Amino acid sequence: MRYISTRGQAPALSFEEVVLTGMASDGGLYVPEEIPSLSRDDLAAMAGLSYAEIAFRVMKPFVNGEIDDDTFRAIVEEAYATFSHDAVVPLNQLDANHFLLELFHGPTLAFKDVALQLLGRILDHFLKKRGERAVIMGATSGDTGSAAIEGCRHCDNLDIFILHPHNRVSEVQRRQMTTVLADNVFNVAIEGNFDDAQAMVKASFADQSFLNGTRLVAVNSINWARIMAQIVYYVASAVALGAPHRPVSFCVPSANFGNVFAGYMAYRMGLPVERFVIATNANDILHRTLAANDFSKQELKATLAPSMDIVVSSNFERLLFEAYERDGAAVASLLERFQAEPTALADAPLARLRERFASHSVDDATILEVIREAHHRTQEILDPHTATGYRAAERERGDAAVPMITLATAHPAKFAEAVVKAGFPGVPLPPHMDDLLEREERYRVLPAELSAVQRFVAENRR
Ligand SMILES: *Cc1c(COP(=O)(O)O)cnc(C)c1O
């Protein structure tokens with residue numbers, strides 16, 4: 001198994017290389033050269049297995065023997081032992097055929113833990129084997145930073161530097177990052193906004209000379225291993241509801257499209273999926289593209305579901321590559337046009353996408369309405385991201401015999417603002433975090449200057 005770029009011009013890489021690399025040198029994203037298959041027998045044999053065992057079986061072909069089976073199994077088991085629910089990602093039945101897949105039982109209460117608990121350990125394994133160290137740099141407006149820190153805090157060969165905009169992330173989100181006091185974790189509060197922090201990370205990847213040869217690794221969702229880890233819960237939840245003998249549909253609160261693309265990979269591997277419903281907030285590029293063939297950027301809107309506030313969905317490129325039947329040149333030229341001006345997909349690729357994907361955009365007023373309505377009907381308090389999915393799923397319930405699985409991407413305690421606005425007194429943090437507001441914090445405030453940030457990284461990495 002090798003990995004190729006969606007723009008067709010970068011060298012093919014092994015699994016190890018692709019995990020350590022991030023973006024392809026031609027500006028594209030890496031995808032597997034062939035999509036491995038899960039037969040009906042493979043799926044049927046997963047019934048009743050633990051999440052870790054299903055994870056091992058689903059991911060093994062992507063790892064391609066580059067980590068030996070015993071070691072990989074141990075890595076997977078350790079990653080998912082950090083989740084507070086025995087089922088790791090339990091299904092919660094809302095009504096006759098609508099289920100919530102609770103992806104928020106990891107250390108930071110959002111679905112990004114599923115991928116990042118695994119990615120940190122895989123990176124550390126490869127670095128140890130090579131006798132190398134690496135530096136992770138990332139910018140965050142919330143969920144990714146804390147999940148990455150939790151995923152790397154025990155990694156001997158990694159130092160992680162996460163930049164967040166000073167005084168512009170919620171207290172819970174900041175404390176989830178800054179109360180991790182491990183020696184290899186460095187939180188930097190930038191005197192600027194998220195875009196300033198992001199621009200400094202991008203500039204550091206573009207010119208890494210300040211690190212004198214030490215590798216810089218990206219842990220955002222362009223990293224293939226994150227997609228790979230997310231394929232697993234689509235398979236595990238469908239099997240729990242009767243796959244391969246009956247199909248299911250999924251509804252996915254989406255932003256950068258990494259999560260729903262993982263679902264699409266599960267479908268291409270052989271999982272019977274009738275439909276994927278994409279839910280967006282008011283930042284609706286995915287919905288505009290699918291519904292109206294309007295593939296264009298619009299200004300960023302701050303919403304009650306902030307982890308879905310994006311202008312461009314970076315992983316959509318991976319789906320476009322499939323829709324354009326793996327024509328890297330066509331993808332490259334479409335994305336070049338998109339960067340410059342509003343554009344549209346060609347007819348045939350758009351028709352292919354519409355066969356399997358539906359979409360809905362859900363605004364802030366509706367998010368609040370859904371939180372109240374879902375509580376009234378089911379007693380569940382949804383987080384605002386999951387609320388977008390709940391509404392989109394209700395609108396797109398096709399065949400009543402096909403279960404709809406809505407992905408619950410965050411715990412409501414993490415996004416108390418929306419829950420309180422919806423009229424609830426709030427949601428307590430789960431027991432393992434109930435002293436978060438008393439824990440000691442550590443972070444450094446730095447000006448929004450590239451040289452200051454790079455000096456801090458160079459001086460503090462171990
Ligand atoms: C990151 C995130 C999303 C969006 O996921 P993508 O993979 O970027 O589409 C949705 N909900 C929550 C809570 C998130 O943290």
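This structure is a prediction, so every number in the text was calculated from the model and none was measured. Order of appearance sets the numbers: ligands from 1, and atoms from 1 within every ligand.
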Starting from atom 9 (O) of ligand 1, find the nearest protein heavy-atom neighbour and note its residue, name and distance.
A255 N, 2.8 Å
According to the interplanar angle, ranging from 0 to 90°, do the rings of Y267 and F276 count as parallel (below 30°), tilted (30 to 60°) or perpendicular (above 60°)?
perpendicular
Which heavy-atom pair separates S146 from K414 by the least distance, and what is that distance?
OG-NZ, 3.9 Å
N259 contact mode with ligand 1 (heavy-atom cut-off under 4.0 Å)
both
When rounded to the nearest 0.5 Å, the distance separating SG of C155 from CG of L123 is 7.5 Å
Counting non-hydrogen protein atoms only, what is the nearest one to atom 11 (N) of ligand 1? Give residue, atom name and distance.
T409 OG1, 2.9 Å
Tell me, which protein residue and heavy-atom name are nearest atom 8 (O) of ligand 1, and how many Å apart are they?
N256 N, 2.8 Å
Atom 10 (C) of ligand 1: closest protein heavy atom, distance to 0.1 Å, is M308 CG, 3.6 Å
Considering only heavy atoms of F257, which atoms of ligand 1 have at least one such atom less than 4.0 Å away?
6 (P), 8 (O), 9 (O)
Are R397 and D95 within salt-bridge range, i.e. N to O under 4.0 Å?
yes
F111 touching ligand 1 at heavy-atom level, < 4.0 angstrom:
yes
Basic-acidic side-chain contact under 4.0 Å: E394, R377:
yes
Rounded to the nearest 0.5 Å, what separation is found between the CD1 atom of I149 and the OG1 atom of T140?
8.0 Å
K112: numbered ligand 1 atoms lying under 4.0 Å from its heavy atoms:
1 (C), 2 (C), 3 (C), 14 (C), 15 (O)
Given the options I285, L286, N281, N283 meets side-chain contact (heavy atoms from CB on, under 4.5 Å) only with N281
Presence of salt bridge, E341 and R337, under 4.0 angstrom:
no
For ligand 1, which atoms, with element, lie under 4.0 Å from some heavy atom of A410?
13 (C)
Show the atoms of ligand 1 that are less than 4.0 angstrom away from any heavy atom in D143.
12 (C), 13 (C), 14 (C), 15 (O)
Does the residue S221 have a heavy-atom contact with ligand 1, meaning some pair of atoms that are separated by less than 4.0 Å?
no
